[in-house]
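Input: a single structure, listed below in structure tokens.
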Amino acid sequence: MNKCLGCGSFLQTECKDKEGYIREENETLCERCFRIQHYNEYKIVSKGNEEYLSILKRINETNDLVVLVVDIFNMDVSFFRKYLENPILLVLTKRDLLKDVYEEALLQYIELDNIVDRVMISSKKNYHFDLLFQKIEKYRKGKHVYVVGLTNAGKSTMINKILYDYTEYLPHITTSMIPSTTLNVIEVKVDDQLTLYDTPGLLDEGNLIFYVEKERIKKIVPNKKIKPITYQVSEKQYFYIEDLFKVEVEQGDITFYISNCLSLERKYKDIKDTALYPYQQSFCISSKRDIVLKGLGFLSCRKGKITIFSKYPVSIEERKSIFK
Ligand SMILES: Nc1nc2c(ncn2[C@@H]2O[C@H](COP(=O)(O)OP(=O)(O)O)[C@@H](O)[C@H]2O)c(=O)[nH]1
Ligand SMILES: [Mg+2]
């Protein structure tokens, strides 16, 4: 059975509503990929993680190099720590989204025992691709190299860029800001010596983009460099990020690293809107820290108490600051 060149689904002509549907036997792109690639239209396919786990287990049985792609906006790799024993080339991507990053420190930020090397890239700005390619060549054990990461990390976009830069093939993998665009493993032959495998990607629990509608995702996922917004807070204040979060700050500076397409409003008085924000979490900060709102971005602060009220059960965690 042939696979769709865009998402890796098995192609079929039987059922219009199922993955991999094509009208004519000889088509190579399923209807869903065709629509995303040509009309930016999207049908959300919900996928569980069981299939992804079985893919990781199969990779684990080999000793092949794994390229772990991590979005600098979502650096949680705890899942892969549990499931991956292969040598890992860590690729931090979407470098173009943040300015003033101390790259070396950020690259060292992620700790996994089996990382053999690290590189920061941007597929959008074509940053460090020669270096990435050299490192893949240096560390690969044989022909096969697996590309893994969370869904939306930027795996397929990176592979398309490699196809574009280093082969005579045209980029063909479907990419989008909606989770689960890639549905199955896609084999991408770069040359006789190297085959990359794109994978669907893990759905990370508690990511904001799983709770909001499609149009909202376009605003939330940043697509250009983020302009951080800093406020000095001398007495208790409230910040509203659309109707998604309310951030209560007692005192001290706070900087928002979120997509600049989102509205961010400061209020000096609390509007008692508890019903709107059923979830809440507080942090007491005493040194420079980040509070990560998964899928949205992060807040950077130095001291004081911060409470995040949230409309959805989004995962919210404190971490050491990614800046110096
Ligand atoms: N700003 C920026 N966006 C990127 C970059 N790489 C990928 N993206 C975007 O991230 C989203 C997810 O990309 P995709 O390759 O489909 O992710 P995958 O699920 O890991 O395959 C898409 O909207 C891409 O345009 C990058 O280097 N910079
Ligand atoms: Mg993909």
Side-chain angles (χ1 to χ4, degrees), residues 3-9 19 29-30 32-33 36-37 40-42 44-47 49 51-52 55-56 66-77 79-80 90-99 101 103 106 119-129 131-132 146-165 171-188 196-204 207-210 212 214-227 257-261 295-297:
K3 279 181 172 182
C4 168
L5 288 181
C7 67
S9 295
E19 257 179 68
L29 210 57
C30 75
R32 173 171 168 272
C33 281
I36 303 176
Q37 292 190 11
N40 236 336
E41 249 180 52
Y42 199 89
I44 294 184
V45 174
S46 55
K47 280 248 148 182
N49 278 332
E51 254 178 79
Y52 194 63
I55 292 171
L56 285 187
V66 164
V67 174
L68 174 60
V69 179
V70 178
D71 175 347
I72 52 171
F73 249 63
N74 190 5
M75 299 204 294
D76 183 5
V77 294
F79 183 86
F80 298 97
L90 177 76
V91 175
L92 272 186
T93 185
K94 309 198 189 179
R95 167 71 181 90
D96 56 292
L97 292 178
L98 283 180
K99 85 176 203 226
V101 172
E103 276 190 27
L106 198 50
V119 60
M120 190 173 297
I121 66 161
S122 160
S123 304
K124 203 160 190 173
K125 295 277 176 203
N126 201 4
Y127 178 66
H128 276 173
F129 265 76
L131 192 60
L132 167 68
Y146 296 91
V147 178
V148 308
L150 296 177
T151 183
N152 252 16
K155 301 179 291 300
S156 302
T157 310
M158 180 192 87
I159 295 178
N160 275 343
K161 194 88 194 68
I162 291 177
L163 279 177
Y164 188 82
D165 285 354
H172 56 72
I173 307 175
T174 310
T175 62
S176 90
M177 58 178 66
I178 316 281
S180 295
T181 302
T182 309
L183 293 173
N184 207 340
V185 177
I186 306 179
E187 190 179 322
V188 180
L196 296 175
Y197 293 88
D198 191 11
T199 64
L202 183 86
L203 300 166
D204 51 337
N207 192 315
L208 174 65
I209 59 175
F210 299 139
V212 298
K214 200 167 67 180
E215 285 311 306
R216 265 283 179 84
I217 296 181
K218 293 186 188 154
K219 280 173 93 177
I220 292 170
V221 177
N223 65 1
K224 57 176 192 222
K225 189 174 283 171
I226 297 227
K227 261 200 235 124
Y257 291 87
I258 59 174
S259 163
N260 297 110
C261 298
L296 178 85

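On a predicted model such as this, the values are computed, not experimentally measured, just so you know. Whatever order the structure lists them in is the order used to number ligands and atoms, beginning at 1.
- Summarising the geometry, atom CD belonging to Gln37 is positioned 9.5 Å from atom NE2 belonging to His172; distances are rounded to the nearest 0.5 Å.
- With rounding to the nearest 0.5 Å, the separation of CG in Leu203 from OG1 in Thr151 is 5.5 Å.
- Within the protein, the N, O or S atoms lying under 2.8 Å from the Mg ion (ligand 2) are Ser156 OG, Thr182 OG1.
- The pair Arg95-Glu103 meets the salt-bridge criterion, with a side-chain N (NZ, NE, NH1 or NH2) lying under 4.0 Å from an Asp/Glu carboxylate O.
- Assignment of Gly201 to the shell around ligand 1 is not supported, since no heavy atom sits closer than 4.0 Å.
- Looking at ligand 1, you'll find an N or O of Lys155 within less than 3.5 Å of one of its N or O atoms.
- The OG1 atom of Thr182 lies 7.0 Å from the CD1 atom of Ile173; values are rounded to the nearest 0.5 Å.
- Side-chain atoms of Lys3 and Ile186, non-hydrogen and from C-beta on, never get closer than 4.5 Å to each other.
- Residue Ser156 places at least one N or O, backbone or side chain, under 3.5 Å from an N or O of ligand 1.
- Note: no N/O pair closer than 3.5 Å links Asp198 and ligand 1 by distance alone.
- With values rounded to the nearest 0.5 angstrom, Leu98 atom CG is found 9.0 Å from Lys225 atom NZ.
- Residues Leu132 and Met158 meet the side-chain proximity criterion, which asks for heavy atoms closer than 4.5 Å.
- Between Phe129 and Ser122, the closest heavy-atom pair is CE1-O, 3.4 Å.
- The heavy atom nearest to atom 2 (C) of ligand 1, considering only Thr175, Asp96, Leu92, is found in Asp96.
- With hydrogens and angles left out, the side-chain atoms of Thr181 and Thr174 include no donor and acceptor closer than 3.5 Å.
- Contacts of Phe79 classified as ring-ring contact (aromatic ring centres under 6.0 Å, His included), with partners at least two apart in sequence or in another chain: Tyr83.
- Of all atoms in ligand 1, listed by their number and element, those nearer than 4.0 Å to a heavy atom of Thr93 are 27 (O).
- Polar contact check, Leu97 against ligand 1: no nitrogen or oxygen pair lies under 3.5 Å apart.
- Close approach of ligand 1 to Thr157 (heavy-atom distance below 4.0 Å) involves ligand atoms 6 (N), 7 (C), 13 (O), 14 (P), 15 (O), 24 (C).
- The distance from the CD1 atom of Ile217 to the CZ atom of Phe210 is 8.5 Å, given to the nearest 0.5 Å.
- Short contacts between ligand 1 and Ser122, defined as distances under 4.0 Å to a heavy atom of the residue, involve ligand atoms 27 (O).
- In the candidate list Lys94, Arg95, Lys224, Lys94 is nearest to atom 5 (C) of ligand 1, counting heavy atoms.
- Of all protein heavy atoms, the one lying nearest to atom 27 (O) of ligand 1 is Ser123 N, 2.8 Å.
- For CD of Glu51, the number of neighbouring non-hydrogen atoms (other residues, nucleotides, ligands) closer than 6.0 Å is 12 at most.
- Distance CD1/Ile209 to CD1/Ile220: 8.0 Å, rounded to 0.5 Å.
- Looking at Gly154 next to ligand 1, an N or O pair under 3.5 Å apart turns up.
- Per-residue contacts place Ser176 under 4.0 angstrom from the following atoms of ligand 1 (heavy atoms of the residue considered): 11 (C), 12 (C), 13 (O), 16 (O), 22 (C), 23 (O).
- Looking at ligand 1, you'll find an N or O of Asn152 within less than 3.5 Å of one of its N or O atoms.
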